[in-house]
Amino acid sequence: MNERTVAEVEQLGKVHGEGGAAVVALAGVTAAFGRGEFTAVMGPSGSGKSTFMHCLAGLDRPTTGRVRLGGADLGSLDDEKLTRVRREQIGFVFQSFNLLPTLSAWENILLPLSLSGRKPEPDWTDRVIAATGLAARLGHRPAQLSGGQQQRVACARALITRPALAVADEPTGNLDSRSGAQILGLLRRSAREWGQTVLMVTHDPIAAGYADRVLFLADGRLVDEMPQPTAGRVLDRMRRFEPQEVR
Ligand code: ADP
Ligand code: MG
């Protein structure tokens, strides 16, 4: 692992289930993620994108191969240590926002810090809040915010700990294109300006066009990689997958 590398998978394999019900979700994927790099993961439905993200983020354990994050080999950690890595080193953004409905936006954003007994760093917190454009709405509950605003709160929550890796699974999947563009702009800015390493799963070529590179998965394998993607080139590449498999 060189010093720019924040996270790395080596020959990552994952089988879901056992015996006759076993499904090979990942069949030996090797990739590295550098500091400040914004990577999109694409591929047909069932190609292993979510499994890949879950293994990298310590939500799922590899069946074979290795996942390294920061200094840690995630496969060798017991559940308690893995939970701590997840809490302290990973920021999560989900398609469905996943904010706690009884907490204000502000409390949601600070939750990862509260859970690990850390105090907010004022300068950093101000910067993250300013980037979301939600300073005037921090007292609102999620139900009082639009979907785009809720997802901006979720992004702030993911970034507030300055995690080694921020992961986003279809972060714009429930948003209109304008709100989606704000989220993608925020993720790109976190990578470019703040050195945040970001991994995003998406099926949207426009979303992937915001990333620094795209990894393409098919049948649990890494089949292609595109640096400096544009929406148009990503769309062309996606069309070369089996048409019935593209979601
Ligand atoms: P994608 O996110 O690209 O759609 P997934 O990683 O969700 O792909 O799934 C990859 C393969 O693993 C699929 O065949 C899927 O049905 C299977 N799979 C995913 N999660 C589970 C699970 N918890 N139990 C059994 N099979 C699963
Ligand atoms: Mg998925």
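Just follow the structure's listing: the first ligand is 1, and inside any ligand the first atom is 1.
- Residue-ligand proximity: Ser47 is placed with a non-hydrogen atom under 4.0 Å from ligand 1.
- The closest side-chain donor-acceptor pair between Asn98 and Ser96 falls under 3.5 angstrom.
- In the candidate list Gly43, Gly46, Ala218, Gly220, Gly46 is nearest to atom 10 (C) of ligand 1, counting heavy atoms.
- Between Val24 and ligand 1, no pair of N/O atoms sits closer than 3.5 Å.
- Residue contacts with ligand 1 include Ser45, since one of its heavy atoms falls under 4.0 Å from the ligand.
- Considering both main-chain and side-chain atoms, Gly48 comes within under 3.5 Å of ligand 1 through a nitrogen or oxygen pair.
- Between the side chains of Thr51 and His16, at least one donor N or O sits under 3.5 Å from an acceptor N or O.
- Between Phe241 and Phe216, the ring planes lie tilted relative to each other; the angle falls in the 30° to 60° range.
- Here Met53 fails the criterion, with no N, O or S atom under 2.8 Å of the Mg ion (ligand 2).
- Ser76 and Asp73 are not linked by any side-chain donor-acceptor pair at a separation below 3.5 angstrom, with hydrogens and angles left out of the test.
- Ion pair Arg233/Asp236 not flagged as a salt bridge, since none of the NZ, NE, NH1 or NH2 atoms sits closer than 4.0 Å to an Asp/Glu carboxylate oxygen.
- Within ligand 1, the atoms closer than 4.0 Å to a non-hydrogen atom of Thr51 are 5 (P), 6 (O), 9 (O), numbered from 1 in the order shown.
- Between Arg87 and Ser116, the side chains place no donor N or O within less than 3.5 Å of an acceptor N or O (distance only, hydrogens not considered).
- Counting heavy atoms from C-beta on, the side chains of Met226 and Arg213 never come closer than 4.5 Å.
- In this structure, Pro44 counts as a contact residue of ligand 1, since one of its heavy atoms falls inside 4.0 Å of the ligand.
- Only the side chain of Val23 comes within 4.0 Å of ligand 1, judged by heavy-atom distances.
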